[in-house]
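Working notes for the structure below.
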Amino acid sequence: GRYGELGRYVMAAEALLPPGTQFRGTVFLVAGYDLGVAAPPDLLLNVAHPHFLADPRELGFYATHEAHHAGFLSLRPPPALRDLQDPARLREIVAYFTQLEGMGVHAAYALRKRQGALAADADYAIYTDPAAARRATARYAELRARLTGTQRLLDAEIGAVLEAMSSGERVWYRFGARVAATLERDQGRAALVDAILHPARFQ
């Protein structure tokens with residue numbers, strides 16, 4: 001049945017999580033909000049989102065993405081989202097979410113490739129289009145450069161960086177996926193998985 005099929009997509013996330021990390025939560029199908037949300041141990045998928053309405057296959061791939069988040073978050077909770085005016089604090093937050101979202105994107109890559117679905121989501125252009133990969137890398141470097149130094153940041157500066165990284169240009173999804181793919185290619189899957197608990201290796 002469809003629930004069993006969705007469960008297989010959820011289980012696929014375990015390939016990029018430490019051994020023994022299993023999804024023990026519930027997948028909630030909801031109407032409203034973002035594409036998906038991980039709230040360990042559970043995850044929510046917004047079946048009414050235009051992305052899923054346009055291509056229902058995407059629901060499975062995002063189940064893998066969010067299930068990886070659920071595992072990652074349970075192993076390494078995010079930094080507190082406070083004192084964002086401190087550049088060092090914001091650098092820490094950007095690094096965390098670049099790895100979280102990049103690994104979430106990469107967790108569904110193998111499934112998408114096998115099913116010929118890489119073109120269905122713009123985040124995956126970095127795997128097939130070298131120019132897209134270069135753009136994501138350059139944009140990340142440009143945004144990250146705004147966070148150097150010690151001078152406190154203005155709210156407008158913080159907002160511009162976070163908007164580009166997340167919902168706007170999705171830089172931390174795309175650059176993060178490129179880092180994940182490169183790390184797995186060069187050092188192996190075990191090294192990529194190990195980077196969840198040793199994030200200095202995610203670069």
Side-chain angles (χ1 to χ4, degrees), residues 1-17 21-78 81 84 93-94 96-129 132 135-136 139 158-178 180-181:
R2 274 318 276 273
Y3 187 78
E5 183 182 342
L6 199 58
R8 286 191 288 276
Y9 281 93
V10 167
M11 300 276 279
E14 294 175 9
L16 287 188
L17 291 167
T21 308
Q22 294 181 318
F23 182 77
R24 301 185 186 280
T26 301
V27 179
F28 292 97
L29 302 180
V30 300
Y33 195 57
D34 203 353
L35 277 160
V37 180
D42 305 321
L43 62 91
L44 292 76
L45 295 167
N46 172 18
V47 293
H49 195 283
H51 190 70
F52 297 144
L53 294 176
D55 186 350
R57 288 188 310 168
E58 288 292 293
L59 194 66
F61 301 129
Y62 271 86
T64 305
H65 180 116
E66 296 299 336
H68 191 274
H69 283 355
F72 188 114
L73 290 163
S74 70
L75 293 164
R76 199 172 118 226
L81 301 180
L84 303 186
I93 289 165
V94 165
Y96 179 91
F97 284 98
T98 298
Q99 185 177 6
L100 176 78
E101 295 296 357
M103 289 192 73
V105 170
H106 191 61
Y109 167 72
L111 287 169
R112 283 184 178 277
K113 188 176 181 183
R114 281 201 300 272
Q115 297 183 35
L118 292 175
D121 189 306
D123 289 347
Y124 290 83
I126 63 103
Y127 292 93
T128 57
D129 180 356
R135 282 194 302 272
R139 185 64 168 137
I158 297 164
V161 168
L162 293 181
E163 169 69 16
M165 287 285 185
S166 58
S167 56
E169 300 167 54
R170 295 177 68 83
V171 174
W172 59 33
Y173 294 81
R174 296 169 186 183
F175 174 71
R178 187 177 194 201

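Here the structure is a predicted model, which is why all the values come from computation and not from measurement.
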- prompt: How many angstroms lie between atom OH of Tyr127 and atom NZ of Lys113, to the nearest 0.5 angstrom?
  reply: 10.5 Å
- request: Flag the pair Tyr9 / His65 as yes when at least one side-chain heavy-atom distance between them is below 4.5 Å, and no otherwise.
  value: no
- prompt: Nearest heavy-atom pair of Tyr173 and Ser166: which atoms, and what distance?
  reply: CE1-O, 3.9 Å
message: On a heavy-atom basis, which atom in Leu17 and which in Ala67 lie closest, and how many Å separate them?
response: CD1-O, 4.5 Å
Listed partners of Arg178 passing salt bridge (charged side-chain N to carboxylate O under 4.0 Å, His left out), at least two apart: none
query: Does any non-hydrogen side-chain atom of Leu6 lie less than 4.5 Å from one of Leu29?
result: yes
- prompt: With sequence neighbours left out, what residues match Phe72 under ring pair (Phe, Tyr, Trp, His ring centres under 6.0 Å)?
  reply: Tyr96
- prompt: Do Leu162 and Leu84 touch side chain to side chain, with heavy atoms closer than 4.5 Å?
  reply: yes
- prompt: Mind checking what makes side chain to side chain contact (heavy atoms under 4.5 Å, CB included) contact with Ala48, not counting sequence neighbours?
  reply: Ala31, Asn46
query: Listed by chain and number, what are the salt bridge (charged side-chain N to carboxylate O under 4.0 Å, His left out) partners of Glu169, not counting sequence neighbours?
result: Arg139
Approximate separation, where rounding is to 0.5 Å, of Leu100 CG and Ile93 CD1: 13.0 Å
message: Using side-chain heavy atoms (C-beta onward) and a distance below 4.5 Å, is Glu101 in contact with Arg174?
response: no
- request: Locate the shortest heavy-atom distance separating Ala117 from Glu58; write the atom from each residue and the value.
  value: O-OE2, 4.5 Å
query: With a 3.5 Å cut-off and no angle check, do the side chains of His68 and Glu14 form a donor-acceptor pair?
result: no
message: Minimum heavy-atom separation for Val30 and Leu44, please, with both atom names.
response: CG1-CD2, 4.0 Å
- request: Please identify each residue that fulfils salt bridge (charged side-chain N to carboxylate O under 4.0 Å, His left out) with Asp55, with sequence neighbours left out.
  value: Arg57
message: If I compare all heavy atoms of Leu43 with all of Glu66, which pair ends up nearest, and what's the gap?
response: CD2-C, 3.9 Å
message: Quick check: do Val10 and Thr64 have side-chain heavy atoms less than 4.5 Å from each other?
response: no
statement: Note: Ala132 and Ile126 closest approach over all heavy atoms is O-CG2, 4.0 Å
statement: So CG of Leu45 and CG of Leu59: to nearest 0.5 Å the spacing works out to 5.0 Å
task: Apply side chain to side chain donor-acceptor pair (under 3.5 Å) to the pair Tyr124 and His106, showing each step before the final yes or no.
output: CA-CA 9 Å; Tyr124 290 83; His106 191 61; over 6 Å; no
message: Can you list everything that forms a salt bridge (charged side-chain N to carboxylate O under 4.0 Å, His left out) with Arg24? Sequence neighbours excluded, please.
response: none
field: Tyr62 and His51 aromatic centres sub-6.0 Å
entry: yes
message: For a 4.5 angstrom cut-off between non-hydrogen side-chain atoms, does Phe61 reach Leu111?
response: yes
